[in-house]
A.B. asks: 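Got a structure for you, questions after.
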Amino acid sequence: MPYPFNTIEAKWQMYWDNHHTFRTESHSTKPKMFILDMYPYPSGAGLHVGHPEGYTATDIVSRYKRMRGFHVLHPMGWDAFGLPAERYAMQTNIHPRSTTEQNIATFRRQIKMLGLSYDWEREVDTTDPGYYKWTQWIFLQIYNSWYDSRRQKARPIETLAEALAEHGSSVLPGEPPFTAAEWNAMSRKQQHDILAKHRLAYVAEIPVNWCEGLGTVLANEEVDEWVEKGYTVERRPMKQWMMRITAYAERLLLDAADLDWPSSTLEQQRNWIGRSEGAEIDFPLTGGGSMRVFTTRPDTIFGATYMVLAPEHPLVDQLTTPSQKGAVHEYREVARRKSERDRDVEQDKTGVATGGSVINPATGKEIPAWIADYVLMGYGTGAIMAVPGHDERDYAFARKYSLPIIEVVSGGDIHREAYTGDGKGINSANAEVSLNGLSTPEAKARINAWLVEKGYGKPVVQYKLRDWLFARQRYWGEPIPIVHLEDGTMKPLSEKELPLLLPDLKKFQPSGTTESPLALATEWVDVADAETGLRGRRETNTMPQWAGSCWYYLRFIDPRNPDMLCDPELERYWMPVDLYIGGSEHTVLHLMYARFWHKVLYDLGHVSTREPFMKLRHQGIILGEDGRKMSKSRGNVVNPDDVVAQYGADAMRLFEMFMGPLEEMKPWSTRGVEGVFRFLNRVWRLYMDEEGHLNPRLLSSDQPTPELDRAYHATVKKVGEDIEAMRFNTAIAQLMIFINEATKSDERPRSVLEPFVLLLAPFAPHLAEELWSALGHHHSLTYEPWPAFDAARIASDTVEVVLQVNGKVRSKLTVPLDASDDVLQREALADENVRRHVEGKTVVKTIVVKNKIVNLVVR
RNA sequence: GCCAAAGUGGCGGAAUUGGUAGACGCGCUGGACUCAAAAUCCAGUCCGGCUCACACCGGGUGAGGGUUCGAGUCCCUCCUUUGGUACCA
């Protein structure tokens, strides 16, 4: 008969609920510990076995930290806006809200079934108006801010208006110059338009992936999935809400240095931001005006033999000569129809000459301007100087179209391939400047100085990071709290008007236009502005799913506050998150977006820390029993409900932690679950008799054998250390070692078996509570102090020393602890087996490592 | 292509300031209990040689080299797998 896990688990889950065992009070004098899981999207499929892995890990740490005297915040919620519920609504006309509620109920039941110690009174749901009120509020904070590049921080937009009124556009590098007086003379609309360009949330016309069948834009990473399903996706320019994350590129990069995150995650974020240093250079057009390019190799400018513009570049029309018009037009059409992905896949370089030309300011020579889709409008200036001798792409292009290739950096063989490495400059001089003989870094510095002096260019830092497309043409998302007035201005809602509720719809089909289904709710869309008397139209786009997850950790701190997103005093106490665990699939997007919002809130004084998540770990993917990715079609999906029904939640938790290191990918194994289940049964039988009562010997005997005593103290030490380092698999192995040791003995010494229950508790909390209660305790063990160990009692008074001859193990020796080197050496030489290998040879060297080895080197 | 992580028994995995490779679990083998089975308990289990057995000997951490008295651990070259990313000038 297995132990009665069913009744035990139900009993203790009810106990914890009824006693609010895991409720976290707002105030405490204890040190705080904020332990966070990446909350799930509650899909219709229910929990899969991957979810509990991370959740169990944080639960173990949370339970352990409570016993260590920490005030622990460990909450759970739902990232519940999203396309799946909406697609279901499109097919069935069932409101996404009711689908979402059902799915949340399933997830909540399944998560509770695992005995995770969340404070359920802090549960949040991103689709709850009481929650998304604050998502909208943060949107408005961002909308109502600009990035002051001189102070390197976001500031309220009014400060920009004030600065413009006082100093004119000198505060805004890049803006066409105007004086304070000119600003003050502008119309409301003119001022509005200038400010709008500098807000951290702004509307821009950019090329996006539009899917007609779904009636929405798609993120780049979503495109493949829908194309496979037979939908067509095209690139078209559309007006979209954007967030100016690029303003934070440098800070996102720099502040990452302080984070205890996996190095691969930090590395990926660095790559995503893609910082590169170079120069912007203006090439004069032969017909007047100039063409700005970005290059990381200004030192190769003497080798720039042609120019390439992205097909969409605005200068193309001006450069194109009449004879090339047809070819250019045709090429641009073809390029426009290709998605950005298609362009990436094609490695073959194509292009068309515009017929126009520019002057290379270094050589003074006229060079042709081409268009080619290997130059992207979205990076740098959308145009490059092509240096075929020292860039592989330019080299391939120049070869294909027979454009001249000049060597300006020595070190390679440009007759065979482009040389992209560093080297000494050659063929690089004009009347004013020479790079010949200079190393690449020297040449860069020299030419940059010359470019600045002549006004041709300047050093700049460029990032791959692009602004965040922050709008979806969907119903099931947070409405963007903006009204478009008939005079062409935009008006943000005031805080009092939040939350802006989603209108109810009868049907959830795409609107048939490029607007979201919200456009069909005409009563909701059409508004009159009381202040100006103007008619207006609500923004019909909704926020992307990332929005709610950008700040949910803050809401957990103060989840029911009707007046603030989070009380500042509580925020200062709880932030930052001490431990954050979730899948590595969120490495770039979620974690980058959340850091970005956090920094804006920090700049505006709403949060006290520069970074939200101090320590981050990823759980690995759990594969099917066949070692392949779990999927319905392979039939290898493991359902947590079934596992819990058969072996109990404690076994499920224990197995997921015992499989291997948390962050590694590993296959499921039913046999493995049975193994840990057997272990739990062994624990049960050690404490309880056949009738399910406490074994009476636990009350009588109290002297552990020296071996058991040693095993106990070693277990306390190892389990504690392993939990701190999140090595749960080896912690569990140690628990097993102790139980094996204890089972050997007929005695049941309470002095070690009672505190052992506390060591087991973070891993198998239901069983531990039951045993604790059987031992005569009347309260939950949740806040019992973690047992201490005595290092002196772990050490044995004898140790086994390995005897080696020429590095090979020849014998073993049991000696008193800390035996001296002399004694060890003498004992070693006296050992029979060692003597056989030393005989007839000379000992040239002896290495003695105390308590470990003696190695005799013989010849 | 580039970046990152990882390769250890039949399987999941342990062991890193360089010091007994294979903890713990699974599986397997044998035994106890049972009419029998399940469950449970005990013993064994890296591979090979030799042995009644104990002992002993050889080999062994993806491959090859190197450093060292000693390398799974450090260095070099290569191979494989996984994840990410991809014309970013």
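Each chain gets a letter, A, B and so on, in the order its sequence line appears, and its residues count up from 1.
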A.B. asks: So what does A/T296 touch, heavy atoms closer than 4.0 Å: a base, only the sugar-phosphate, or nothing?
C.D. replies: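 Since only primed, P, OP1 and OP2 atoms lie under 4.0 Å of A/T296, the category is sugar-phosphate.
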A.B. asks: Identify whether NZ of Lys or CZ of Arg in A/R270 sits under 6.0 Å from the centre of the six-membered ring of A/W261 and within 45° of that ring's axis.
C.D. replies: no
A.B. asks: Quick one: is B/C57 close enough that its OP1 or OP2 comes under 4.0 Å of any side-chain N or O from A/H837?
C.D. replies: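 The answer is yes; a side-chain N or O of A/H837 sits under 4.0 Å from OP1 or OP2.
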A.B. asks: Considering only atom C1', compute the distance from B/G9 to B/G22 and round it to an integer number of Å.
C.D. replies: 7 Å
A.B. asks: Determine the contact category for A/P2: base if any of its heavy atoms lies under 4.0 Å from a base atom, sugar-phosphate if only primed atoms, P, OP1 or OP2 are that close, otherwise nothing.
C.D. replies: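 Touches nothing.
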A.B. asks: May I have the distance from A/K717 (atom NZ) to B/A23 (atom P), rounded to whole angstrom?
C.D. replies: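 A/K717 atom NZ is separated from B/A23 atom P by 21 Å.
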A.B. asks: At 4.0 Å (heavy atoms only), tell me whether A/G675 reaches a base, stays on the sugar-phosphate, or touches nothing.
C.D. replies: sugar-phosphate
A.B. asks: Using purine N1 to pyrimidine N3 plus N6-O4 or O6-N4 for Watson-Crick, or N1-O2 and O6-N3 for G-U wobble, both under 3.5 Å, which nucleotide pairs with B/A55?
C.D. replies: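 Partner of B/A55: none.
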A.B. asks: Nearest to the A/M736 side chain among B/C24, B/C41, B/A89, which nucleotide is it?
C.D. replies: B/C24
A.B. asks: Could you measure the distance from the NZ atom of A/K629 to the CE atom of A/M665? Nearest 0.5 Å is fine.
C.D. replies: 7.5 Å
A.B. asks: What is the base-pairing partner of B/A4, counting Watson-Crick and G-U wobble geometry with both distances under 3.5 Å?
C.D. replies: B/U82
A.B. asks: Please determine if a side-chain N or O atom of A/K666 lies less than 4.0 Å away from the OP1 or OP2 oxygen of B/G12.
C.D. replies: no
A.B. asks: Just compare B/C3, B/C24, B/C57 and give me whichever is closest to any side-chain atom of A/N833.
C.D. replies: B/C57
A.B. asks: Distance check, P atoms only: B/C28 and B/A39, in whole angstrom units.
C.D. replies: 11 Å
A.B. asks: Please state whether the rings of A/F677 and A/Y647 are parallel, tilted or perpendicular, taking 30° and 60° as the class boundaries.
C.D. replies: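 Perpendicular.
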A.B. asks: Quick check for you: among B/G25, B/A89, B/C57, whose closest atom lies nearest to any side-chain atom of A/R810?
C.D. replies: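 For A/R810, the side-chain atoms sit closest to B/C57.
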A.B. asks: Look at atom CD of A/E707 and say whether more than 12 heavy atoms of other residues, nucleotides or ligands are closer to it than 6.0 Å.
C.D. replies: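 Correct, the count exceeds 12.
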A.B. asks: Report the distance from atom CG of A/N681 to atom P of B/A39, rounded to the nearest whole Å.
C.D. replies: 12 Å
A.B. asks: Kindly say if A/N729 contacts the phosphate of B/A23, meaning a side-chain N or O under 4.0 Å from OP1 or OP2.
C.D. replies: no
A.B. asks: Of the nucleotides B/G25, B/A89, B/G13, which one has an atom closest to the side chain of A/F658?
C.D. replies: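 Taking heavy atoms from C-beta onward, the closest nucleotide is B/G25.
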A.B. asks: Which nucleotide wins on minimum distance to the side chain of A/L376, given the candidates B/A89, B/G19, B/U40?
C.D. replies: B/A89
A.B. asks: Using 30° and 60° as the class boundaries, would you call the ring planes of A/F763 and A/F728 parallel, tilted or perpendicular?
C.D. replies: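 Ring orientation, 0 to 90° scale: perpendicular.
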A.B. asks: With a 3.5 angstrom cut-off on both distances, give the Watson-Crick or G-U wobble partner of B/G70, or none if there isn't one.
C.D. replies: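 Looking at the geometry, B/G70 pairs with no nucleotide.
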A.B. asks: Hey, does the side chain of A/R727 come within less than 4.0 Å of B/A14's phosphate (OP1/OP2), counting only N and O?
C.D. replies: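 For A/R727, the contact criterion (side-chain N or O under 4.0 Å from OP1 or OP2 of B/A14) is not met.
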A.B. asks: Take A/T350 and A/Y374, measure what side chain to side chain donor-acceptor pair (under 3.5 Å) needs, and give me the verdict at the end.
C.D. replies: CA-CA 8 Å; A/T350 59; A/Y374 80 88; over 6 Å; no
A.B. asks: Could you work out which one of B/A23, B/G19, B/C57 sits closest to the side chain of A/I737?
C.D. replies: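 Among the listed nucleotides, the one closest to the side chain of A/I737 is B/A23.
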A.B. asks: Can you tell me how far C1' in B/C47 sits from the matching atom in B/U61, rounded to whole Å?
C.D. replies: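 Straight-line distance between the two C1' atoms is 13 Å.
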A.B. asks: Using the C1' atom on both, measure B/A14 against B/C24 and round to a whole Å.
C.D. replies: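 Those two atoms are separated by 7 Å.
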A.B. asks: Can you check the distance between B/G12 and B/A23, where both ends of the measurement are the C1' atom (answer in whole Å)?
C.D. replies: 13 Å
A.B. asks: A/L309 has an atom CG; how far is it from atom P of B/C87, in whole Å?
C.D. replies: 19 Å
A.B. asks: Among the candidates B/C42, B/U20, B/A15, find the nucleotide nearest to the side-chain atoms of A/E800.
C.D. replies: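 For A/E800, the side-chain atoms sit closest to B/U20.
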A.B. asks: Between B/G25, B/C3, B/A21, which nucleotide has the shortest distance from any of its atoms to the side chain of A/N740?
C.D. replies: B/G25
A.B. asks: Mind checking the P distance from B/A71 to B/G18? Whole angstroms is fine.
C.D. replies: 13 Å
A.B. asks: Take atom NZ of A/K812 and atom P of B/A55, then tell me their distance rounded to the nearest Å.
C.D. replies: 10 Å
A.B. asks: So that I can tick it off, tell me whether A/K744 and A/E741 are bridged by a salt bridge, with the cut-off set at under 4.0 angstrom between side-chain N and carboxylate O.
C.D. replies: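 Salt bridge between A/E741 and A/K744, a charged N being under 4.0 Å from a carboxylate O: yes.
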A.B. asks: Between CZ of A/F655 and CZ of A/F679, what distance do you get to the nearest 0.5 Å?
C.D. replies: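 Result: 15.0 Å between the selected atoms.
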A.B. asks: Scan A/K852 against the nucleic acid and name what it touches under 4.0 Å (heavy atoms): base, sugar-phosphate only, or nothing.
C.D. replies: sugar-phosphate
A.B. asks: When both hydrogen-bonding distances must be under 3.5 Å and the geometry is Watson-Crick or G-U wobble, what is B/U34 paired with, if anything?
C.D. replies: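 Answer to the pairing question: none, since B/U34 forms no Watson-Crick or G-U pair.
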A.B. asks: Measure CZ/A/R671 against P/B/G27 and give the value in whole Å, please.
C.D. replies: 5 Å
A.B. asks: Of the options B/C57, B/C3, B/A14, whose atoms approach the side-chain atoms of A/T730 most closely?
C.D. replies: B/A14
A.B. asks: In whole Å, what separates the P atom of B/G25 from that of B/C35?
C.D. replies: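 Approximately 30 Å lies between the P atom of B/G25 and that of B/C35.
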A.B. asks: Given atom CD of A/Q268 and atom C1' of B/A5, what is their separation to the nearest angstrom?
C.D. replies: 10 Å
A.B. asks: Go through B/C26, B/G19, B/G59 for me and flag the one nearest to the A/R678 side chain.
C.D. replies: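 Of the candidates, B/C26 comes closest.
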A.B. asks: I'd like the C1' distance from B/U20 over to B/C26, given in whole Å.
C.D. replies: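 B/C26 and B/U20 have their C1' atoms separated by 25 Å.
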A.B. asks: When all nucleic acid strands are considered with a 4.0 Å heavy-atom cut-off, which category describes A/T743: base, sugar-phosphate, or nothing?
C.D. replies: nothing
A.B. asks: Report the distance from atom OH of A/Y647 to atom C1' of B/C26, rounded to the nearest whole Å.
C.D. replies: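 Answer to the nearest Å: 13 Å.
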A.B. asks: In terms of relative ring orientation, are A/F397 and A/Y401 parallel, tilted or perpendicular, with 30° and 60° separating the classes?
C.D. replies: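 Ring orientation of A/F397 relative to A/Y401: tilted.
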A.B. asks: Give A/R682 one of three labels, base, sugar-phosphate or nothing, depending on what nucleic acid heavy atoms sit under 4.0 Å from its own.
C.D. replies: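 The residue A/R682 makes sugar-phosphate contact but no base contact.
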A.B. asks: Using heavy atoms to find the nearest nucleotide of RNA chain B for A/E267 and A/M385 separately, return the residue whose nucleotide is more 5′.
C.D. replies: A/E267
A.B. asks: Does A/V857 reach a base, just sugar-phosphate, or nothing at all? Heavy atoms under 4.0 Å.
C.D. replies: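 Since only primed, P, OP1 and OP2 atoms lie under 4.0 Å of A/V857, the category is sugar-phosphate.
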A.B. asks: B/G59 phosphate, OP1 or OP2: any side-chain N/O from A/K808 under 4.0 angstrom?
C.D. replies: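 Answer yes for this pair, as a side-chain N or O of A/K808 is under 4.0 Å from OP1 or OP2.
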A.B. asks: Using OP1 and OP2 only, check whether a side-chain N or O of A/S264 sits under 4.0 Å from B/C3.
C.D. replies: no
A.B. asks: Need one value for A/E392: base, sugar-phosphate or nothing, where a base atom within 4.0 Å counts as base even if backbone is also close, heavy atoms only.
C.D. replies: nothing
